[in-house]
Amino acid sequence: MLPYLFVVDSAFALNKHMMKPYSGVYDKGYEKRLFNYRLSRARRVVENAFGITQSRKVTNITMACALLHNFLRKSKTSSSNYCPQGTFDSEKDGEIIPGSWRQNHNNEASFLPIRRIPSRSPSDAKELVRELFTEYFMTNGAVPWQNNF
């Protein structure tokens with residue numbers, strides 16, 4: 001059985017959990033070209049799904065968050081817990097005083113440093129997982145039109 005993985009473009013490092021296309025240009029019918037074509041189709045499906053979801057839902061989600069924020073600020077029972085004195089940025093004598101929401105509480109900041117990931121591909125991903133998918137696309141996973149591109 002083939003593993004579940006993320007389909008990525010060539011900017012990412014290949015590993016057994018992220019599958020990217022073979023680099024280079026290949027002749028029609030060549031198995032690496034076929035793999036790249038099938039991977040591209042999979043990426044397009046994912047990009048369409050996220051694009052449609054984003055275009056339809058982001059506005060609603062943003063509005064719901066703003067409504068919830070305003071409700072919690074105005075509510076007599078939650079306003080002192082949700083945004084106590086000093087929560088928001090303020091200004092005194094032309095100097096901006098950062099609000100408490102900007103402070104790192106218990107090391108749970110919104111933006112944590114990104115862990116460095118080596119750009120070299122592990123050989124098991126290159127030589128095993130991608131080749132297994134390539135073989136699958138040429139055999140049991142073949143579709144009738146794949147050799148037409």
Side-chain angles (χ1 to χ4, degrees), residues 1-26 32-137 140-146 149:
M1 291 190 44
L2 298 171
Y4 290 101
L5 44 81
F6 292 99
V7 180
V8 299
D9 63 21
S10 58
F12 290 85
L14 174 69
N15 66 47
K16 61 186 176 184
H17 302 292
M18 293 197 308
M19 199 53 44
K20 71 182 220 172
Y22 288 102
S23 61
V25 178
Y26 301 97
K32 288 183 179 181
R33 178 176 172 143
L34 178 67
F35 173 85
N36 288 352
Y37 166 72
R38 295 290 299 273
L39 196 69
S40 172
R41 285 179 54 89
R43 281 189 50 234
R44 208 168 42 243
V45 169
V46 172
E47 288 169 357
N48 284 329
F50 278 103
I52 291 167
T53 301
Q54 179 269 338
S55 68
R56 303 256 163 87
K57 302 293 180 189
V58 166
T59 301
N60 292 338
I61 291 168
T62 303
M63 291 301 291
C65 290
L67 285 167
L68 180 59
H69 168 78
N70 289 338
F71 172 79
L72 292 172
R73 285 195 61 212
K74 300 284 184 192
S75 171
K76 292 178 182 175
T77 58
S78 65
S79 63
S80 62
N81 290 330
Y82 178 67
C83 51
Q85 186 71 23
T87 299
F88 298 102
D89 294 348
S90 57
E91 187 176 340
K92 184 174 182 180
D93 298 327
E95 183 179 337
I96 296 182
I97 301 164
S100 62
W101 71 270
R102 295 182 181 274
Q103 296 173 6
N104 183 359
H105 298 285
N106 300 324
N107 292 323
E108 295 177 4
S110 296
F111 299 104
L112 298 173
I114 297 175
R115 182 176 60 110
R116 287 202 168 265
I117 299 173
S119 60
R120 292 196 60 175
S121 304
S123 62
D124 64 336
K126 265 188 198 173
E127 297 169 11
L128 180 61
V129 177
R130 186 160 61 178
E131 289 180 9
L132 286 172
F133 272 97
T134 302
E135 181 182 332
Y136 174 75
F137 292 149
N140 296 349
V143 291
W145 65 86
Q146 71 187 24
F149 81 100

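The structure presented is a predicted model; accordingly, all values stated were derived computationally and were not measured.
- Looking at N140, its side chain never comes within 3.5 Å of a backbone N or O of Y136 through a donor-acceptor pair.
- Under the ring pair (Phe, Tyr, Trp, His ring centres under 6.0 Å) criterion, F12 pairs with no residue at all, not counting sequence neighbours.
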Working for side chain to side chain contact (heavy atoms under 4.5 Å, CB included), residues N15 and M18:
CA-CA 5 Å; N15 66 47; M18 293 197 308; 3.8 Å; yes
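- Dense packing is recorded around CD of E91, with more than 12 heavy atoms of other residues, nucleotides or ligands lying under 6.0 Å away.
- Of all non-hydrogen atoms in P3 and F133, the two that sit nearest each other are O-CZ, 3.6 Å.
- Counted within 6.0 Å of OH on Y26, heavy atoms from surrounding residues, nucleotides or ligands total more than 12; the atom is thus considered enclosed.
- Within 6.0 Å of atom CZ in F71, 12 or fewer heavy atoms from other residues, nucleotides or ligands are found, so the atom counts as exposed in its surroundings.
- Scored by the side chain to side chain donor-acceptor pair (under 3.5 Å) test, R38 finds Q146 as partners (sequence neighbours excluded).
- We find the CG-CZ distance between L132 and F137 to be 11.0 Å, quoted to the nearest 0.5 Å.
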Side-chain donor-acceptor pairs of residues 59-69 under 3.5 Å, sequence neighbours excluded:
from: T62; atom 1: OG1; to: V58; atom 2: O; distance (Å): 2.8
from: H69; atom 1: ND1; to: Y82; atom 2: OH; distance (Å): 2.7

Does T134 form a side chain to side chain contact (heavy atoms under 4.5 Å, CB included) with Y22? I'd like the steps, not just the answer.
CA-CA 10 Å; T134 302; Y22 288 102; 3.0 Å; yes
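- Distance check: R130 CZ to L5 CG gives 11.5 Å after rounding to the nearest 0.5 Å.
- Residues I96 and P98 share a closest heavy-atom pair of O-CD, 3.6 Å.
- Minimum interatomic distance between S10 and P21 (heavy atoms only, all atoms of both residues): N-CD, 4.1 Å.
- Atom NZ of K20 sits about 11.0 Å away from atom CZ of F35, to the nearest 0.5 Å.
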Yes or no on side chain to side chain contact (heavy atoms under 4.5 Å, CB included) for V8 and M19, after CA distance, side-chain angles and deciding distance?
CA-CA 6 Å; V8 299; M19 199 53 44; 5.9 Å; no
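- Expressed to the nearest 0.5 Å, how far CZ of R44 lies from CG of N48 amounts to 8.0 Å.
- A donor-acceptor pair under 3.5 Å links the side-chain atoms of S55 to the main chain of G51, judged by distance alone.
- A donor-acceptor pair under 3.5 Å is absent between the side-chain atoms of S75 and the main chain of L72, judged by distance alone.
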